[in-house]
Amino acid sequence: MPDMTLKIEPILCHKGTMNNYAYVITDKKSGISAVVDASETEPIVQYCEKHQIKPEYVLTTHHHFDHVGANMELKEKYGLKIVAPDMEKHLIEGVDIALKSGDEFALGESKIQIILASGHTKGHILYYFADEKVLFTGDVLFNLAIGGLFEGTPEEMFASLEKIKQLPDDVNFYPGHEYTEYGLQRLLNNPTDENMEYLRLAVNRLQQGKSVSPIALGLEKKCNPYLKIDSLKDFVRLF
């Protein structure tokens, strides 16, 4: 992992039900902070108040209620700006900045590339910090799984996963939910070196009450069954 100039804190929201992750991120050089996928107000505010953080942005990956539920309350409390996918701005209340695929956005001195990743929803975007080797995947890519196709097609999801697979192996990704436990049995049933590495890492973090993420994309590509499929035809068969 590079010398991080981006501080990232996972905040578990809707604990025990949807197990969402919001992330409070801070560009260390400028001190500017943002919340990625503001799912639930109370745990986010508790963290920010404890650490004297006043976020200036919410970075929203897609319009689903469990990823935007705290947007307006945080906007009212902190006066922040809501950043969201241009394709879904009509579905998200209070959008200030709408971003398209290929756009760049600055969080202080940290630069973010916007990647369209249709499939889970039509306008879902990824936030990619190339210099920091950090990727926020929302509900497209989870640990050992992918998001459901609520609006998109298998073809669109496959294309989105291919975009992720083209990113460097040392990029660390941060998903929108803690769903790792559902995929761990599959690793036990196929005890390759990579699967056992992933299993040990995941179990150790879960036992410590931590999020499994971040996981390097290189390891995820070797262990996530959906990323191991190289054929669109084989991928479509799953649905």
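Index from 1, following the sequence.
The existence of a salt bridge linking Lys122 and Glu156 is confirmed by a sub-4.0 Å separation between a basic side-chain nitrogen and an acidic carboxylate oxygen. Residues Lys100 and Asp103 are not paired through a salt bridge, judged by the lack of any N-O separation under 4.0 Å between the basic side chain and the carboxylate.
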Check step by step if salt bridge (Lys or Arg N to Asp or Glu O under 4.0 Å) holds for Lys75 and Asp96. CA-CA 10 Å; Lys75 185 172 187 175; Asp96 298 289; 3.0 Å; yes
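Here the two rings, on His177 and Phe142, have centers that are under 6.0 Å apart. Taking the centre of each ring, His67 and His120 stay at or above the 6.0 Å mark.
Looking at every heavy atom in both residues, Leu107 comes nearest to Tyr57 through CD1-CD1, 3.9 Å.
Residues Tyr198 and Leu144 are in side-chain contact: their nearest non-hydrogen atoms beyond the backbone lie under 4.5 Å apart. Side-chain contact between Val45 and Tyr78 is present, with at least one heavy-atom pair separated by less than 4.5 Å.
Remark: side-chain polar atoms of Thr60 are not paired, donor with acceptor, to backbone N or O of His62 under 3.5 angstrom. With hydrogens and angles disregarded, a donor-acceptor distance shorter than 3.5 Å links the side chain of Glu88 to the backbone of His63. Judged by distance alone, with hydrogens and angles left aside, the side-chain atoms of Arg205 form a donor-acceptor pair with the main-chain N or O of Pro214 at under 3.5 Å. In terms of modelled atom types and a separation under 3.5 Å, the side chain of Asp37 and the main chain of Gly138 share no donor-acceptor contact. In this structure, the side chain of Lys165 engages the main chain of Leu227 through a donor-acceptor pair within 3.5 Å. A donor-acceptor pair is defined here as one N or O able to donate and one able to accept, closer than 3.5 Å; no such pair exists between the side chain of Asp169 and the backbone of Leu217. A side-chain donor-acceptor contact under 3.5 Å links Asn224 to the backbone of Tyr226.
Only one option out of Ile215, Thr137, Val134 pairs with Tyr174 in a side-chain contact (heavy atoms from CB on, under 4.5 Å); it is Val134.
Phe150 and Leu141 fall into different hydrophobic clusters, defined by Ile, Leu, Val, Met, Phe, Trp and Tyr side-chain heavy atoms under 4.5 Å apart, directly or through other members.
Using modelled atom types, one finds a donor on one side chain and an acceptor on the other under 3.5 Å when comparing Glu42 with Gln46.
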